[in-house]
Amino acid sequence: MLLDSLTLKLPEEKIRDQKALARYRASRPHLSRFVPSTGEIEWQVCCRESSRSDSHGVTVYAGAELEISGSPSRSLGLPHNVFGTLDIQKAALAHIAAAEALLGVELPRDFAEYRVSRIDVTCNYHVGGPPEVRQHLAFLRQADGGRYKVASKDETVYWSQGSRRRSGKAYAKAPHLRYQIGKRQATASALELEAMEGLLRLELKLGSKWWHEAQKPWWEFTAADLLSEHEAYFRGLIGTGEVVDMVDVRAALEGLVGRDDLFPGRVVTEGRVMAAHRTWCLIQAIGHQQAKASMRKATWYDHLKLFNAAGLAWGDIASGSISPIRRRPLILSQPIASLDELLRIRNAA
């Protein structure tokens, strides 16, 4: 569990030592646009700069706002970004300190002076080995439609990539870590790499629009708050893990008979459940898009609500089959918390 990316923005006027900031800008490479006929510079901006040692650090951009972005694991000096911190204040202070060292400018420590435009909340799940990771990713690629817009590249699956509010990402961590090690962006022992072979990584990006609409200041979000957001997002794709085969779909739907909390002023009847099960069979036969087109919009969404209450996720509905994830349950609320926990799992296997 960790914050894998954090972007802080600070208005220029909040920096007290403007002369030091000006000296920094003057000393850095610039991008310029000039008018060839006159030779006059139309505009000029300071280039982004990364703080690097043997691993990635943070990237600082001294534009109209000071932007500090990157992985908190790196600004905290950790050897890799497989595990790290979910403490948003600790991560922010590490970013600010790294930016100060790069700029040579003292920055405020009052969190209220900064705004957040992006945080990636990341969890790792041990699902077995590389074949199981690939199986999970193959299933997740089918979770398209509805409010999820899926894309894939190589071994990575993306949802709602262009969203400024929320987007998701799933991939195998071990190959990515080997790539980072090859680029001298991370370090890990052979034993650690072996233990990470079975890790499926799920990332939730909370973008600028999400933070603009947040109900409390960014620095008040706790680790529990961020994990709750992560779980809620991916639960819609993966489900609860309660439905394990096709027979269980009907039984799970029948278990909803008599519920009065799903539809305002209506009790779930046996007839409604049987109609929903027929829709499930239709989805299996002709796919969810054609099934949706064959019925009233209100009926479709009533049945979706029943499917969700029965434990089906959107990935099940989009593919017309029960996720293989259910056969080796991936419990979203129980990610691997640390390298020590992962090594214990590896030693017990």
Side-chain angles (χ1 to χ4, degrees), residues 1-6 81-84 86 88 118-128 132-153 155-174 176 196 198-207 209-211 214 221-244 288 304-305 307-319 321-337 341-342:
M1 301 182 292
L2 74 157
L3 302 179
D4 196 34
S5 182
L6 168 65
N81 68 336
V82 181
F83 300 100
L86 277 173
I88 197 169
R118 173 178 176 175
I119 283 183
D120 290 3
V121 185
T122 303
C123 291
N124 301 299
Y125 299 90
H126 190 269
V127 297
E132 288 80 10
V133 174
R134 288 192 292 270
Q135 183 186 40
H136 283 57
L137 291 171
F139 168 76
L140 291 170
R141 286 189 191 95
Q142 302 176 69
D144 196 6
R147 62 190 176 95
Y148 297 102
K149 303 300 179 185
V150 70
S152 62
K153 181 179 179 182
E155 292 296 312
T156 303
V157 184
Y158 303 89
W159 296 273
S160 307
Q161 273 185 287
S163 175
R164 293 172 55 213
R165 185 177 280 109
R166 297 193 307 172
S167 60
K169 179 178 173 182
Y171 60 98
K173 181 55 189 174
H176 183 247
M196 293 171 192
L199 285 185
L200 173 70
R201 193 168 175 99
L202 300 180
E203 289 187 5
L204 168 64
K205 184 187 84 172
L206 300 175
K209 196 166 185 180
W210 192 92
W211 287 105
F221 277 79
T222 65
D225 292 332
L226 297 172
L227 283 175
S228 178
E229 290 294 332
H230 184 279
E231 182 181 350
Y233 182 84
F234 284 104
R235 189 190 302 121
L237 284 165
I238 295 172
T240 61
E242 295 168 355
V243 180
V244 295
H288 75 280
L304 283 186
K305 185 171 285 190
F307 294 153
N308 290 334
L312 290 173
W314 178 253
D316 302 315
I317 298 163
S319 64
S321 62
I322 300 299
S323 161
I325 293 174
R326 311 300 184 78
R327 293 170 174 80
R328 187 185 182 101
L330 190 157
I331 304 173
L332 290 169
S333 61
Q334 297 178 14
I336 304 298
E341 181 182 350
L342 180 61

Inset, instruction - Please round to the nearest 0.5 Å and tell me the distance separating atom CG of Leu304 and atom CG of Leu312. - result: 10.0 Å

Inset, instruction - Name all residues meeting the salt bridge (Lys or Arg N to Asp or Glu O under 4.0 Å) criterion together with Arg201; count only those two or more places apart in sequence or in a different chain, and write none if there are none. - result: Asp4, Glu203

Inset, instruction - Please identify each residue that fulfils salt bridge (Lys or Arg N to Asp or Glu O under 4.0 Å) with Arg165, with sequence neighbours left out. - result: Glu213

Inset, instruction - With sequence neighbours excluded, tell me which residues meet side chain to side chain contact (heavy atoms under 4.5 Å, CB included) with Ile336. - result: Phe83, His126, Leu199, Glu341, Leu342, Ile345

Inset, instruction - For the residue pair Tyr125 and His136, establish whether any side-chain heavy-atom pair is separated by less than 4.5 Å. - result: no

Legend entry - pair Ile119-Trp211: side-chain heavy atoms closer than 4.5 Å: yes

Inset, instruction - Determine whether Leu226 and Leu3 make a side-chain contact, defined as any pair of heavy atoms from C-beta on separated by less than 4.5 Å. - result: yes

Legend entry - Set of salt bridge (Lys or Arg N to Asp or Glu O under 4.0 Å) partners for Glu231, sequence neighbours left out: Arg235

Legend entry - With sequence neighbours excluded, residues passing side chain to side chain contact (heavy atoms under 4.5 Å, CB included) with Thr222: Ala224, Asp225

Inset, instruction - Could you grab the distance from atom OH of Tyr158 to atom OG of Ser163, nearest 0.5 Å is fine? - result: 15.5 Å

Inset, instruction - Please examine the side chains of Val82 and Met196, heavy atoms only from C-beta on, and report whether any two atoms are closer than 4.5 Å. - result: yes

Inset, instruction - Report the residues that fulfil side chain to side chain contact (heavy atoms under 4.5 Å, CB included) with Ala223, sequence neighbours left out, ordered by chain and then residue number. - result: Leu86

Inset, instruction - Please identify each residue that fulfils side chain to side chain donor-acceptor pair (under 3.5 Å) with Lys169, with sequence neighbours left out. - result: none

Inset, instruction - Could you check if a side-chain atom of Ser167 sits within less than 4.5 angstrom of a side-chain atom of Gln161, using non-hydrogen atoms only? - result: no

Legend entry - Beyond-backbone contact of Arg118 with Leu206, side-chain heavy atoms, under 4.5 angstrom: no

Legend entry - Nearest heavy-atom neighbours spanning Val133 and Ala172: CG1-CB, 3.5 Å

Inset, instruction - Could you pull out the closest heavy-atom pair between Gly84 and Leu2, with the gap in Å? - result: N-CB, 3.5 Å

Legend entry - Flag, side chain of Tyr233 to backbone of Arg166, donor-acceptor distance under 3.5 Å: no

